[in-house]
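Scope of the values below: all heavy atoms of this structure, side chains included, with no hydrogens, waters or symmetry mates.
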Amino acid sequence: MPEQNMPELTFCRNKRLLTARSYQAVFGDTRYKVAHPNLLLLARPNQLSHPRLGLVVAKKHIRHAVNRNRVKRVVRDTFRLVQHQLDSVDVVFLVRPGMDRLSPKEQTELLEKTWLRLSRKLQVDPSCVN
RNA sequence: GGAGCUGGCUGGACAGUCGCCGCUUCGUUUUCUCGGUAUUUCCGUAGGUGAUACUGGGUUGCGUUGGGGAGGAAAGUCCGGGCUCCAUAGGGCAGAGUGCCAGGUAACGCCUGGGGGGCGUGAGCCUACGGAAAGUGCAGCAGAGAGUAGACCGCCGAUGGCUAGUGUAUUCUGGUACAGGUAAGGGUGAAAGGGUGCGGUAAGAGCGCACCGCGCAGCUGGUAACAGUCUGUGGCAUGGUAAACCCCACUCGGAGCAAGACCAAAUAGGAAUCCAUUGGCGUGGCCCGCGCUGGAUUCGGGUAGGUUGCUUGAGGCAUAUGGUGACGUAUGCCCUAGAGGAAUGACUGUUCACGACAGAACCCGGCUUACAGGCCAGCUCCCUUU
RNA sequence: UGGGGUGUGGCCAAGCGGUUAAGGCAGCGGCUUUUGAUGCCGCCAUUCGGAGGUUCGAGUCCUCCCACCCCAG
């Protein structure tokens, strides 16, 4: 949990990918990639001063709307908490089957690890394709 | 105490941290914009125009105050409406739906009450439940026969034929099973054209009679469906299937908020008025009808994107009242999600019965399906005690 | 969110309410052949996505569920 001199931890609309074009840009020019059986992250540097997040949660992979919504909420919440450790990148999160079978706590832990892996990749390898 | 039936309610609680979306209070001048006052620039008759300062409002951003924020099924999309556009949804055909009766309702395939039928000891539950005497069709295999019945085994053979017996034989008594008569019994099948008994007969048969069942007409009760220890009448006529076509009665125009309306980069296939009414296009399958398209004149139109539609409604709650009830009426009070890649979450702690099914997307009324449990009310059956 | 469609062996599929549910590919067994290919014969569906209902009888008709696919910015 974050503590002293709290940085801004909001998550408003300018920190999301809003148009189909933004998503296509990330899919077409993926520089970073973090994979796990239950999820996949794609990322690409942007020209802004902050990271942005986009979600792809397909009905095919997670059947019930309740579980889809919860996965999206957890992803957003964890992204919100680690956003200052990431550089200016556009990130697209894709689910894979089985994510809904994890408990909320397991999902949170998994995502915290995943964001850590992404930030490490961004620092080690700031420009190259994975 | 146990087992069960019916109806209704509820769908973890509390605290903290970080966040999301509307509304709201105050502030900041962050963006854009409209106005007022003062000074002043230019053209100067009136007046117009620009700049600076002060000030008021709207809008947007940021901060801040307060308050709100998924369901009983939000689901499946199976019905019915509202709303919007197409004509104001109109006429006919075709098509679809509903189907005991009455009522409720905006409407319904829903609900309530009643009737018939079925199940249960009972409280209760289930019920596509109009018409097969308008017509057409279907019923494999088996079986004699499957819908104007039929004759395999069987029974009979009165009557007629053939034949025997006596003295004679159309007349009496047999034999035969040739014609024929039967539907009691057997057998087939899901289904075989009222049932039981008595009479009757050659054997039989509603052929006759009694009872039961059924049909028709009347009477009585009921708004009606329907009912009846009712009256008369018919020997029985009318097998099944309409979730086969169909008939009868009633209902239904089509699309859907990605409907539609407004502001509007780009691009030019345009809009209004008058004339013309043949062809083409547009709505739903078709026809009628209706609206566009064509020519002339005059100048403006609307994809990306944004705004709106968007939540106050056949709304809830309480009381009174009418009704068996669904529900209606009156009065008072309340406002209770409104996003736009899509808001309610995550984490920590405490607690208990350790938390099911599951997430609003224009809005309502139903139905159906999923569901850990918990609570309340009424009723039934069994056992025990007094 | 709304609109529409499909479901029959492992795969592709036909199927007026009526015997034991066509056919092709694949698979398995056999025959033919020295072996293989080809050809021929045989086997392979306790049930037509599931559950109820109508009917004497349902893959087919009706109702409700389940799964999958397509269309509309």
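Set against B:rC347, B:rG345, B:rG359, the side chain of A:Lys105 has B:rC347 as its closest nucleotide. With B:rA342, B:rU348, B:rG341 as the candidates, the nucleotide lying closest to the side chain of A:Leu55 is B:rA342.
B:rU6 and B:rG117 have their C1' atoms separated by 23 Å, given to the nearest Å. C:rC64 and B:rG145: their P atoms are spaced 45 Å apart (whole Å). Nucleotides C:rU20 and C:rG4 are separated by 40 Å at their P atoms, to the nearest Å. For the C1' atoms, the distance linking B:rA258 with B:rC362 amounts to 12 Å, nearest Å. Taking atom P on both B:rG232 and B:rC226, the two are 25 Å apart, rounded to the nearest angstrom.
For the pair A:Arg68 CZ and B:rU344 P, the interatomic distance rounds to 15 Å; values are reported in whole Å. Rounded to whole Å, atom P of B:rC18 lies 17 Å from atom CD of A:Glu112.
Both A:Thr108 and A:Val57 lie close to RNA chain B; mapped to their nearest nucleotides by heavy-atom distance, the more 5′-ward contact belongs to A:Val57. Residue-to-nucleotide proximity on RNA chain B shows that, of A:Lys59 and A:Pro104, the 5′-proximal contact is made by A:Lys59.
In this structure, B:rU336 shows a glycosidic angle within 90 degrees of zero, which is the syn conformation.
Just one of A:Val26, A:Asp90, A:Val89 meets the side-chain contact (heavy atoms from CB on, under 4.5 Å) condition when paired with A:Asn46; it is A:Asp90. Here the options are A:Leu81, A:Val91, A:Val34, the test is side-chain contact (heavy atoms from CB on, under 4.5 Å), and the partner is A:Trp115; only A:Val91 passes.
The base of B:rG345 sits within donor-acceptor range of the side chain of A:Asp77, with an N or O pair under 3.5 Å.
Across all strands, A:Lys72 comes closer than 4.0 Å to no nucleic acid atom at all (heavy-atom distances).
Other residues, nucleotides and ligands place more than 12 heavy atoms under 6.0 Å from the CZ atom of A:Arg96.
The partner of B:rC216 is B:rG232, by the rule that a Watson-Crick or G-U pair needs both atom distances under 3.5 Å.
Within the structure, a side-chain polar atom (N or O) of A:Arg73 is placed less than 4.0 Å from OP1 or OP2 of B:rU344.
Taking the side chain as every heavy atom from C-beta outward, A:Leu111 and A:Phe93 approach each other to under 4.5 Å.
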